[in-house]
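The structure appears below as structure tokens.
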Amino acid sequence: YSFYILFHLKSGPDHAVYQWAYSQDTFVLFEPLYLLLMYFAKSLELEYSGFLILLKSLNIITFSVFVFNSNKYSVLFFLCFYIPISFITFELNLLRQSLAIHLSLLFYIAYTYGRIKLSIFFVFLAILSHISSLVLLLLYIWKVNKM
């Protein structure tokens, strides 16, 4: 997984837009967590490739936390849907959405272990990474209201 991700850093049509945005002095295009990561990478004076390595490493770490802290059925269920449908698209092209997915996996781990405050924290980080994660917040509220 890690080798595949890191060997395909600049794949996909969206990378031209991401690279252009990274080269700008001001950022106005992306969600707050992604912007924060861009500012952090720029403060370390990383080139765009270095930023991608930082971002992909964060994704690899969060995915590893999910794999090692989730039961084997949850991991298998996720991988059965994710690999055939979305793996290449999200891991190699859609940077913000990929980060949101991985943060959502951390939400799932925290929620299954009963760590409600931590799970809410990961929901908000996912939303700050990509606005489409608001759906996750709505599912979370629906699940809590059913209990």
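- Separation of atoms CG (L106) and CD1 (I101) is listed at 12.5 Å; rounding is to 0.5 Å.
- For L55, the side chain to side chain contact (heavy atoms under 4.5 Å, CB included) partners at least two apart in sequence or on another chain are Y34, L37, F51, L95, L99.
- For S74, the side chain to side chain contact (heavy atoms under 4.5 Å, CB included) partners two or more places apart in sequence, or in a different chain, are S70, N71, Y108.
- Residues F78 and F63 are in side-chain contact: their nearest non-hydrogen atoms beyond the backbone lie under 4.5 Å apart.
- Note that CG of L125 is 12.5 Å distant from CZ of F107, once rounded to the nearest 0.5 Å.
- The line from CD1 of I109 to CZ of F68 is 12.0 Å long, rounded to the nearest 0.5 Å.
- In this structure, A110 and F122 approach most closely via the heavy-atom pair CB-CD1, 4.3 Å.
- Using a 4.5 Å heavy-atom cutoff, the side chains of Y18 and Y48 are in contact.
- The distance from atom CD of Q19 to atom OG of S49, rounded to the nearest 0.5 Å, is 7.0 Å.
- The shortest distance between side-chain heavy atoms of V123 and I127 falls below 4.5 Å.
- Looking at residues two or more places apart in sequence or on another chain, you find a ring pair (Phe, Tyr, Trp, His ring centres under 6.0 Å) between F77 and F81.
- Side-chain contact check for L103 versus L33: some heavy-atom pair is nearer than 4.5 Å.
- Pairing each heavy atom of Y113 with each of N69, the nearest pair is OH-O, 2.8 Å.
- Nearest heavy-atom pair, S129 versus A100, reported as atom, atom and distance to 0.1 Å: OG-N, 3.4 Å.
- Within 6.0 Å of the CZ atom in F121, the count of heavy atoms belonging to other residues, nucleotides or ligands does not exceed 12.
- By the side chain to side chain contact (heavy atoms under 4.5 Å, CB included) test, L44 pairs with F40, L46, sequence neighbours left out.
- In terms of heavy-atom proximity, N59 sits nearest to H102 at O-CD2, 3.4 Å.
- The side-chain heavy atoms of L128 and E31, taken from C-beta on, include no pair separated by under 4.5 Å.
- Note: S23 OG to E47 CD = 10.5 Å, rounded to the nearest 0.5 Å.
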